[in-house]
S.K.: 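So that we are looking at the same thing, I have put the structure below in structure tokens.
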Amino acid sequence: MNMDYLIIGAGFAGSVMAERLASRCDKKVHIIEKRPHIGGNCYDEVDSSGVLVHRYGPHLFHTENRVVYEYLSGFTQWHNYRHKVVAHVDGRNIAIPFSFTTLYQVFDDVKADVLKAKLIERYGEGNKVSVLELREAEDEELKALGEYVYEKIFVHYTAKQWGIPASEVNPAVLARVPVLTSYDTHYFQDTYQAVPQSGYTRLFETLLDHPNISIALGEDALETLKIIDKQLYYEGERFEGTVIFTGMLDALFDHCYGVLPYRSLDLRFEVCDQEYYQDNAVVNYPNEHEYTRITEFKHIHPVKSPQATILKEYPQNYINGKNIPYYPMPTEDSKEQYERYAALAQEIDNLVLLGRLAEYRYYDMDDIVARALDVFEELT
Ligand code: UDP
């Protein structure tokens with residue numbers, strides 16, 4: 001067993017760690033990945049219609065973190081892409097996040113003028129306010145606007161997405177899509193916004209292309225990695241190196257404190273015999289259909305093709321072993337349950353937890369790259 005690090009999972013968390021350890025510290029790294037490909041949920045490929053599709057749902061890179069952007073720029077060229085989303089509400093498409101642009105789309109000019117002035121007075125121009133905060137506004141008209149946005153855009157979408165009432169969803173989740181006190185129609189306001197020019201899979205191939213890195217695909221690490229008396233064993237032998245685990249923590253500990261709740265998606269792709277299916281990359285359907293949104297990938301990665309590929313996302317319960325745990329469900333109870341697992345992990349000196357699943361946090365791509373770079377510094 002000639003390796004310094006064993007990394008479980010080849011998503012951003014595992015791949016960035018592998019790259020840093022191999023190229024910066026000359027460490028020998030072995031990655032074990034359950035799926036038949038690298039890249040985790042960022043995995044993309046060109047489909048039968050010639051369109052580059054994100055197999056696990058739309059991934060739009062955006063960050064304020066220059067270090068992260070520059071780090072990734074070492075492994076990919078970028079296609080500048082600033083994401084826009086519309087929501088189908090009351091029979092037409094309106095700009096999301098809710099902004100002054102949306103205000104004038106849904107109300108007459110006189111009412112929109114009044115609300116705009118009040119929003120600027122209360123929250124300042126060019127700022128962001130969570131819909132939950134807007135619902136608590138003292139001013140009756142702002143409060144009513146908060147209710148309107150909550151009802152038309154959030155409450156039903158959120159119930160669909162998470163399978164629980166919006167009131168029970170962590171407020172931080174809704175705050176990801178704030179109300180904007182500007183005319184900005186972009187989904188994100190970050191300085192750096194782009195997608196890898198040749199796709200995420202290519203980016204990961206470049207990240208992992210190092211003689212010190214070996215990868216086993218289609219292998220379930222939990223069959224070969226065991227914890228006995230707070231020690232790690234790999235293929236029956238005590239493992240003295242460091243294990244970086246990016247999978248589900250409850251699974252690592254045989255679900256001894258029960259299955260942690262995650263949310264899954266049934267992702268249904270369709271190839272349509274038309275050049276474009278919709279005008280936007282993403283159209284949200286807060287109030288109708290069982291799916292939450294339709295993504296048309298040609299808007300993200302432009303290509304000439306007589307066909308369009310779309311993706312409908314049907315949220316569903318996560319069932320252990322049956323589907324993919326896309327999102328942790330950060331409620332008070334689940335956080336407590338997670339902490340019990342984390343305490344077990346902490347007793348193992350050479351075990352590091354990293355990533356959306358292992359840390360049970362709703363990380364964006366840039367967050368997890370930043371976190372991996374930090375953990376690398378801490379470890380070395
Ligand atoms: N959300 C909503 N309506 C929308 C868009 C978002 O209610 O039109 C809520 C929903 O609860 C969602 C959360 O805001 O889970 C975060 O949205 P985001 O687009 O960040 O979700 P992701 O792309 O990560 O699935």
Side-chain angles (χ1 to χ4, degrees), residues 11-12 40-42 54 56-63 81-90 92-99 101-102 105-106 128-135 146-180 185-190 193 195 261-267 278 280-295 297 300 311-318 324-331 355-357 361-368:
F12 261 127
N41 289 343
C42 300
H54 301 171
Y56 302 94
H59 281 71
L60 296 317
F61 185 79
H62 59 99
T63 191
Y81 171 75
R82 293 175 73 84
H83 191 44
K84 287 191 177 188
V85 174
V86 295
H88 191 75
V89 170
D90 293 337
R92 64 183 165 160
N93 288 344
I94 60 173
I96 298 289
F98 196 95
S99 65
T101 304
T102 328
Q105 286 173 333
V106 299
K128 296 178 174 184
V129 51
S130 158
V131 65
L132 297 179
E133 194 184 335
L134 192 58
R135 286 177 78 213
E147 285 306 326
Y148 175 89
V149 175
Y150 188 65
E151 170 60 30
K152 297 284 185 186
I153 296 170
F154 284 91
V155 77
H156 306 293
Y157 185 113
T158 298
K160 252 197 287 193
Q161 172 71 11
W162 298 99
I164 51 176
S167 55
E168 290 171 27
V169 171
N170 190 318
V173 171
L174 302 194
R176 288 170 60 90
V177 187
V179 171
L180 306 179
T185 54
H186 295 102
Y187 202 57
F188 310 111
Q189 282 66 50
D190 294 312
Q193 301 191 35
V195 285
Y262 303 91
R263 192 70 175 153
S264 188
L265 300 167
D266 178 12
L267 299 177
Q278 60 192 23
N280 251 69
V282 171
V283 180
N284 286 358
Y285 290 89
N287 306 317
E288 59 251 303
H289 306 302
E290 284 176 37
Y291 49 84
T292 48
R293 58 188 176 191
I294 299 182
T295 300
F297 289 95
I300 301 170
L311 167 64
K312 294 177 180 165
E313 296 178 41
Y314 294 79
Q316 54 179 212
N317 282 334
Y318 167 69
I324 294 172
Y326 285 102
Y327 303 88
M329 297 268 297
T331 61
R356 199 185 253 216
L357 294 176
R361 291 184 61 161
Y362 196 164
Y363 281 127
D364 283 334
M365 291 182 282
D366 64 327
D367 296 328
I368 191 54

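A quick note: this is a predicted structure, and the numbers were derived from the prediction, not measured. Read the numbers this way: they start at 1 and go in the same order the structure lists the ligands and their atoms.
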S.K.: May I ask you to identify the nearest protein heavy atom to atom 18 (P) of ligand 1, giving residue, atom name and distance to one decimal place in Å?
M.R.: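 Protein heavy atom with the smallest distance to atom 18 (P) of ligand 1: Y187 OH, 3.6 Å.
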S.K.: Which heavy atom of A95 sits nearest to which heavy atom of T101, and what is that distance?
M.R.: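 For A95 and T101, the tightest heavy-atom pair comes out as CB-CG2, 4.4 Å.
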S.K.: Relative to each other, are the rings of Y326 and Y56 parallel, tilted or perpendicular (30° and 60° limits)?
M.R.: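 Taking Y56 first and then Y326, their aromatic rings sit tilted (interplane angle of 30° to 60°).
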S.K.: Of all the atoms in ligand 1, which lie at a distance below 4.0 Å from a heavy atom belonging to Y327?
M.R.: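 This gives 22 (P), 24 (O), 25 (O) as the contact atoms.
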S.K.: For the NZ atom of K312 and the OG1 atom of T292, what is their distance to the nearest 0.5 Å?
M.R.: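 Reported to 0.5 Å precision, the distance equals 12.0 Å.
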S.K.: What protein heavy atom sits nearest atom 17 (O) of ligand 1, and how far away is it?
M.R.: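 Atom 17 (O) of ligand 1 sits closest to the protein heavy atom V177 CG2, 3.5 Å.
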S.K.: Hey, is K160 close enough to E290 for a salt bridge, meaning N to O under 4.0 Å?
M.R.: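 Salt bridge: no.
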S.K.: Hey, do the aromatic rings of Y81 and H83 have their centres closer than 6.0 Å?
M.R.: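 They qualify: ring centres under 6.0 Å apart.
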S.K.: Just go through I94, T158, L60 and tell me whose heavy atom is the nearest to atom 7 (O) of ligand 1.
M.R.: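 Looking at heavy atoms only, the winner is T158.
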S.K.: How far does CD1 of I96 sit from CD1 of I153, to the nearest 0.5 angstrom?
M.R.: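 If I round to the nearest 0.5 Å, the distance is 3.5 Å.
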S.K.: Assess whether a salt bridge exists between R176 and D364, defined as any Lys/Arg side-chain N lying under 4.0 Å from an Asp/Glu carboxylate O.
M.R.: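 Yes, charged N to carboxylate O under 4.0 Å.
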S.K.: With heavy atoms of V173 as the reference, note each atom of ligand 1 found under 4.0 Å away.
M.R.: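 Selected atoms, number and element: 13 (C), 14 (O), 15 (O), 16 (C).
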S.K.: Show the atoms of ligand 1 that are less than 4.0 angstrom away from any heavy atom in N284.
M.R.: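 By the 4.0 Å cutoff, the relevant atoms are 4 (C), 5 (C), 8 (O).
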S.K.: Between ligand 1 and W162, can you find any atom pair, the residue atom being a heavy atom, that is separated by under 4.0 Å?
M.R.: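 Yes, that is the case, since the closest heavy atom of the residue is under 4.0 Å from the ligand.
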S.K.: Can you check whether A87 has an N/O within less than 3.5 Å of an N/O in ligand 1?
M.R.: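 No, A87 has no N/O under 3.5 Å of an N/O on ligand 1.
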S.K.: Aromatic rings Y291 and Y285: how do their planes relate, parallel, tilted or perpendicular, breaks at 30° and 60°?
M.R.: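 Ring orientation, 0 to 90° scale: perpendicular.
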S.K.: If the cut-off is 4.0 Å to any non-hydrogen atom of Q161, which atoms of ligand 1 fall inside it?
M.R.: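 That gives atoms 15 (O) of ligand 1.
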S.K.: Quick check: are there more than 12 heavy atoms from other residues, nucleotides or ligands sitting under 6.0 Å from CZ of R263?
M.R.: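 Correct, the count exceeds 12.
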S.K.: Which of the numbered atoms in ligand 1 are below 4.0 angstrom from a heavy atom of Y362?
M.R.: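 Close to Y362: 21 (O), 22 (P), 24 (O), 25 (O).
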S.K.: Among H59, R176, E313, K152, which one puts a heavy atom closest to atom 20 (O) of ligand 1?
M.R.: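 Checking each option, the heavy atom nearest atom 20 (O) of ligand 1 is found in R176.
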S.K.: Does ligand 1 have any atom that is closer than 4.0 Å to a heavy atom of R293?
M.R.: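 R293: in contact with ligand 1 (<4.0 Å).
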S.K.: Examine Y157 against ligand 1 and note whether any of their N/O atoms are separated by less than 3.5 Å.
M.R.: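 For ligand 1, there is no N or O atom that lies under 3.5 Å from one belonging to Y157.
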S.K.: Output the distance between atom CD (Q193) and atom OG1 (T63), rounded to the nearest 0.5 Å.
M.R.: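 So the gap between those two atoms works out to 10.0 Å.
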S.K.: Below 4.0 Å from any atom of ligand 1, is there a heavy atom belonging to I153?
M.R.: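 The answer is yes, since I153 has a heavy atom less than 4.0 Å from ligand 1.
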S.K.: At less than 4.0 angstrom from any non-hydrogen atom of L174, what atoms of ligand 1 do you find?
M.R.: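 Answer, ordered by atom number: 11 (O).
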